[in-house]
Amino acid sequence: MSQIPENKVLDKMESLLNVASDFTRLKILYSISGEEKSVSDIVKEVGASQSLVSHQIKVLKKANLVISRKEGTRVFYQLADDHIVQLLSVVYDHVTE
């Protein structure tokens with residue numbers, strides 16, 4: 001990784017890292033890293049209000065970190081792909097070494 005990426009790529013990387021750097025959003029990402037969950041499930045696990053969790057999920061979806069699936073009136077959320085799991089793992093390993 002010796003070459004600096006193009007500015008467009010760096011802008012996208014900066015945006016992604018800014019979105020992922022929020023305390024509550026990190027907790028949500030960890031909450032849904034193993035399985036898809038509804039907002040009410042995430043609220044219980046994260047310990048935040050439903051409105052806060054819903055707002056943060058909207059931010060995560062806009063950044064393409066989270067995807068949703070509707071089943072009847074319930075919506076279930078999960079990580080968009082394995083890259084997010086890898087990102088969380090690398091950051092966790094780095095700060096705990």
Side-chain angles (χ1 to χ4, degrees):
M1 191 168 34
S2 60
Q3 194 170 2
I4 298 174
E6 295 179 19
N7 286 347
K8 185 177 180 178
V9 173
L10 286 171
D11 284 342
K12 288 181 178 183
M13 291 171 68
E14 177 186 30
S15 177
L16 173 83
L17 292 172
N18 279 331
V19 168
S21 68
D22 178 84
F23 185 82
T24 302
R25 290 191 288 259
L26 279 170
K27 288 176 82 173
I28 291 169
L29 291 172
Y30 268 102
S31 173
I32 61 175
S33 66
E35 62 181 300
E36 66 178 10
K37 294 181 181 171
S38 68
V39 170
S40 59
D41 294 332
I42 298 167
V43 164
K44 290 175 192 169
E45 194 167 326
V46 171
S49 70
Q50 182 172 344
S51 61
L52 177 60
V53 168
S54 295
H55 172 72
Q56 299 300 353
I57 287 174
K58 183 178 178 180
V59 173
L60 292 168
K61 281 186 71 172
K62 186 175 180 182
N64 297 316
L65 295 174
V66 170
I67 58 174
S68 61
R69 176 183 66 83
K70 194 167 185 172
E71 186 176 294
T73 59
R74 296 185 72 186
V75 180
F76 295 89
Y77 299 93
Q78 65 184 29
L79 297 181
D81 59 43
D82 287 338
H83 292 118
I84 295 108
V85 173
Q86 294 170 3
L87 177 66
L88 292 171
S89 179
V90 167
V91 172
Y92 178 85
D93 289 347
H94 181 73
V95 300
T96 58
E97 62 179 29

Taking [X] for the side chain and [Y] for the main chain, is one N or O donor matched with an acceptor at less than 3.5 Å?
{"X": "Lys61", "Y": "Ser68", "answer": "no"}
{"X": "Arg25", "Y": "Val19", "answer": "yes"}
{"X": "Lys37", "Y": "Ile42", "answer": "no"}
{"X": "Ser89", "Y": "Gln86", "answer": "no"}

State yes or no: do [X] and [Y] share one hydrophobic cluster built from I, L, V, M, F, W and Y residues joined by side-chain heavy-atom distances below 4.5 Å, directly or via other members?
{"X": "Leu87", "Y": "Ile57", "value": "yes"}
{"X": "Leu29", "Y": "Phe76", "value": "no"}
{"X": "Met13", "Y": "Ile4", "value": "yes"}
{"X": "Leu52", "Y": "Leu60", "value": "no"}
{"X": "Val46", "Y": "Val85", "value": "yes"}

Quick one: CG on Leu16 to OG on Ser21, what's the gap to the nearest 0.5 Å?
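The OG atom of Ser21 is 9.5 Å from CG of Leu16, to the nearest 0.5 Å.
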Find the distance between OG (Ser38) and NZ (Lys44) and round it off to the nearest 0.5 Å.
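These two atoms lie 7.5 Å from each other.
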Give a yes or no on whether Asn18 atom CG has more than 12 heavy-atom contacts from other residues, nucleotides or ligands under 6.0 Å away.
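Yes - once you tally the heavy atoms of other residues, nucleotides and ligands closer than 6.0 Å, there are more than 12.
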[X] versus [Y], closest heavy-atom pair with distance:
{"X": "Val43", "Y": "Ala48", "answer": "CG1-O, 3.1 Å"}
{"X": "Gln56", "Y": "Thr24", "answer": "CG-CG2, 4.0 Å"}
{"X": "Ile67", "Y": "Leu79", "answer": "CG1-O, 4.0 Å"}
{"X": "His94", "Y": "Glu97", "answer": "O-CG, 3.3 Å"}

Do [X] and [Y] come within less than 4.5 Å of each other through their side chains, counting heavy atoms only?
{"X": "Asp41", "Y": "Arg74", "answer": "yes"}
{"X": "Val39", "Y": "Val75", "answer": "no"}
{"X": "Leu65", "Y": "Val59", "answer": "no"}

Dump the intermediate steps for side-chain contact (heavy atoms from CB on, under 4.5 Å) on Leu26 and Leu88, then the final yes or no.
CA-CA 8 Å; Leu26 279 170; Leu88 292 171; 3.8 Å; yes
